[in-house]
Amino acid sequence: MKKDASFSYRAWLQPGNIEKTTSSNVFAEGDNCSFAQEECILGIAELAVDCDVSLCIDEKLPAEGYSVKFSENCVKISGGCTSGLLYGVYGFLARVRMGECPTTLDFSSKPAVAMRVINHWDNGDGSVERGYAGKSLLWKDGKLGYDLDRLKDYARLLASVGINQISVNNVNVRPLTAKLLTDEGLKDLVIVAEIFRPFGIKLIVGVHFDSPCWIGGLKTSDPADEKVAVFWKEAAARVYNAVPDLAGFLVKADSEFNLGPLAFGHTQDIGANVIAKALQPFGGILYWRCFVYNCLQDWRDTTIDRPKAAYDTFFPIDGKFEPNVILQIKHGPSDFQVREPNSPLLGAMKNTRQAIEFQVTQEYTGQQKDMYNWAVQWEEVFSQPFNENRTTRDLVGSGKEVEAVVAVNNTGDDDNWCGHLLSQLNLYALGRLAWDASLTAEAITKEWVSLTFGKKAEIFEPIVKMLMDSRHTYEKYNAPLGICWMVCIHHHYGPSVDGYEYMKWGTYHRADTKAIGVDRTSKGTNYTSQYQPHVRDIYENLETCPEEMVLYFHRLAYDHKLKSGKTLLQHIYDTHFEGVEEVEGFIKTWESLKGLIPDEAYTSVRARFDMQLENAKEWRDVINSYFYRKTGIADAQGRKIYE
Ligand code: GCW
């Protein structure tokens with residue numbers, strides 16, 4: 001049996017086990033439409049849509065935009081370019097699959113953000129850094145290697161939600177993936193580019209800052225050295241000769257043991273610009289990550305505060321980057337934690353291009369064992385204020401300040417792509433939000449559930465509800481009120497309250513017997529001063545600081561009264577008990593779906609819930625015992641806390 005006949009392998013727009021035949025006609029006006037036509041036939045056959053469809057390019061439409069309109073017995077799909085047309089085809093198929101009648105369709109759409117990007121953290125040996133869905137879809141045995149059908153399906157999956165760029169290798173570039181810049185590595189890159197090209201997806205190569213030494217035979221990678229500039233020019237020319245439509249390069253420099261300009265006494269712009277200039281003749285972009293911090297901090301030193309690092313490093317050099325450099329900024333100043341404020345760097349640099357970086361993979365959010373709807377968190381991220389008039393959504397939605405939405409992928413070669421079937425929603429949501437930042441998490445969740453499980457109320461409603469609750473349930477049994485990082489070291493699954501507390505990584509909660517948290521206000525590390533004045537004032541003041549992240553900004557005594565009237569300590573106890581109860585509730589809900597949804601989907605998700613329940617209990621007991629032992633104060637409700 002072909003793999004794609006099974007439910008687990010299928011995702012929202014994957015054709016099932018279908019023949020390429022249909023009773024309807026698909027007409028294409030112009031040769032450019034032929035690929036979209038093929039995709040359309042595939043989709044129409046799957047949906048058994050009983051009407052004619054005509055496809056055309058209409059250059060008056062925004063380039064990647066499209067319109068879909070039924071008239072005179074035919075659905076007319078027009079795209080501003082071939083990708084636009086393809087998005088129109090997917091838009092049409094999605095609407096019909098969600099239950100709309102083809103004869104009533106009349107809508108148009110265009111993306112807010114020009115670059116909608118997935119980063120693969122895939123290594124040459126086929127492993128995936130922070131990957132929880134099997135092996136790499138792109139790499140095998142030290143080189144690009146894949147299952148051709150699967151990769152094509154993957155390209156379709158990404159294109160169906162508007163993704164138009166992917167990086168093919170881990171930002172932690174190792175010798176195997178560094179070879180992508182050599183003639184040997186490029187042979188494979190050419191083939192991968194051919195697979196993604198018809199789907200409107202361009203490739204990005206992750207490059208190591210020390211490549212001049214690693215593969216260029218030079219003795220230094222100092223960006224001020226003329227030979228180094230020549231190396232980058234030659235490397236760019238070689239790559240673009242092989243893949244002329246490459247989107248560009250991606251660099252993680254001066255971060256977590258990766259070399260960067262700092263090692264040569266230069267600021268980040270000097271390092272980025274030498275590579276950016278080499279890409280300019282080919283129209284290439286340089287994505288330069290802002291995850292720059294000292295990961296060898298001394299935990300005894302309370303004057304250094306890691307969340308300040310990105311802003312301190314990049315804000316002073318605003319305007320110094322070449323025009324093809326895009327700074328890639330993680331949405332929060334920490335590291336994809338379950339709750340943190342937005343990075344103050346986002347939108348702050350007026351003269352530097354920016355991308356917001358998310359994680360679709362669930363590194364700190366349950367590793368695709370626990371159900372977690374990122375869309376709910378991303379909606380919160382977008383709703384955070386940038387200043388008195390604007391939110392982060394406005395920065396992204398205008399496509400001006402933040403021109404690119406980037407995310408670390410959650411896929412692998414597992415049968416259902418994501419390890420946890422319900423994690424497919426996160427990839428879907430990322431694409432949809434990059435396309436239209438104004439979409440709500442609920443709207444996106446409903447789309448995905450109806451595309452995946454259909455719209456029958458007894459199935460649709462409970463699944464939507466569970467998914468909408470999942471982010472807050474996870475947060476309840478995780479680290480409290482934005483304190484972050486109480487995770488097991490290195491692998492980051494499960495609780496370890498003091499795991500990172502006496503280590504060099506700069507991630508401290510500083511709990512003692514009376515209080516917890518780092519004072520990041522003007523009386524403390526003064527991190528708050530990095531925000532726009534309006535937002536700074538909100539966070540400075542305990543009264544106005546959003547309570548769900550109060551411990552990110554303030555150090556509080558355990559008997560501090562929260563707005564609910566509960567003490568901080570009682571809140572911690574209560575949320576950790578509730579978190580477990582809610583997971584038990586998810587299990588009950590899921591069990592009520594047995595027989596209503598495909599067995600394979602039922603069984604695989606049911607098994608994940610066992611892991612989630614165990615994890616939630618572990619978090620509850622470790623966190624509650626930790627604080628009970630620190631304070632000696634019992635739970636007001638007398639529930640079991642281990643001594
Ligand atoms: O979240 C941390 C991860 C690292 C990752 C790093 C980064 C690729 O733990 O595994 O490295 O962030 O974003 O570069």
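A quick note: this is a predicted structure, and the numbers were derived from the prediction, not measured. As the structure lists them, so they are numbered: ligands from 1, and atoms in each ligand from 1. Along the sequence shown, residues are numbered consecutively beginning with 1.
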Atom 6 (C) of ligand 1 [closest protein heavy-atom partner, distance rounded to 0.1 Å]: Glu256 OE1, 3.3 Å
Atom indices of ligand 1 within 4.0 angstrom of Val171 heavy atoms, with elements: 8 (C)
Atom pair CG/CZ of Asn172 and Phe257 - distance to nearest 0.5 Å: 10.5 Å
Those residues that, when tested against Leu176, pass side-chain contact (heavy atoms from CB on, under 4.5 Å) (two or more places apart): Lys179
Under 4.0 Å to a heavy atom of Phe291 - the qualifying atoms of ligand 1, by number: 6 (C), 7 (C), 12 (O), 13 (O), 14 (O)
Under 3.5 Å side-chain donor-acceptor pair for Thr313 and Tyr293: no
Glu357, any N or O under 3.5 Å of ligand 1 N or O: no
Carboxylate-amine/guanidinium contact Glu401 Arg353, below 4.0 Å: no
Lys252-ligand 1 polar pair, N/O distance under 3.5 Å: yes
Pairing residues for Val128 by the side-chain contact (heavy atoms from CB on, under 4.5 Å) criterion, not counting sequence neighbours: Asp122, Ser136
Enclosure of Lys140 NZ (heavy-atom neighbours >12, cutoff 6.0 Å): yes
Check: His492 ring centroid to Tyr364 ring centroid under 6.0 Å: yes
Per-atom contacts of ligand 1 with Asp335, taking only distances under 4.0 Å to non-hydrogen atoms: 1 (O), 2 (C), 12 (O)
N or O contact, Gln359 vs ligand 1, cut-off under 3.5 Å: no
Closest protein heavy atom to atom 8 (C) of ligand 1, given as residue, atom name and distance to 0.1 Å: Asn172 ND2, 3.2 Å
Numbered atoms of ligand 1 (with element) below 4.0 Å of His492, judged on heavy atoms: 9 (O)
Minimum-distance pair of heavy atoms, taken over all atoms of Leu181 and Ala235: CD1-CB, 4.4 Å
Closest to atom 12 (O) of ligand 1 (judged by heavy-atom distance), picking from Arg130, Glu363, Lys330: Lys330
Subset of ligand 1 atoms that lie under 4.0 Å from at least one heavy atom of Glu129: 4 (C), 5 (C), 8 (C), 10 (O), 11 (O)
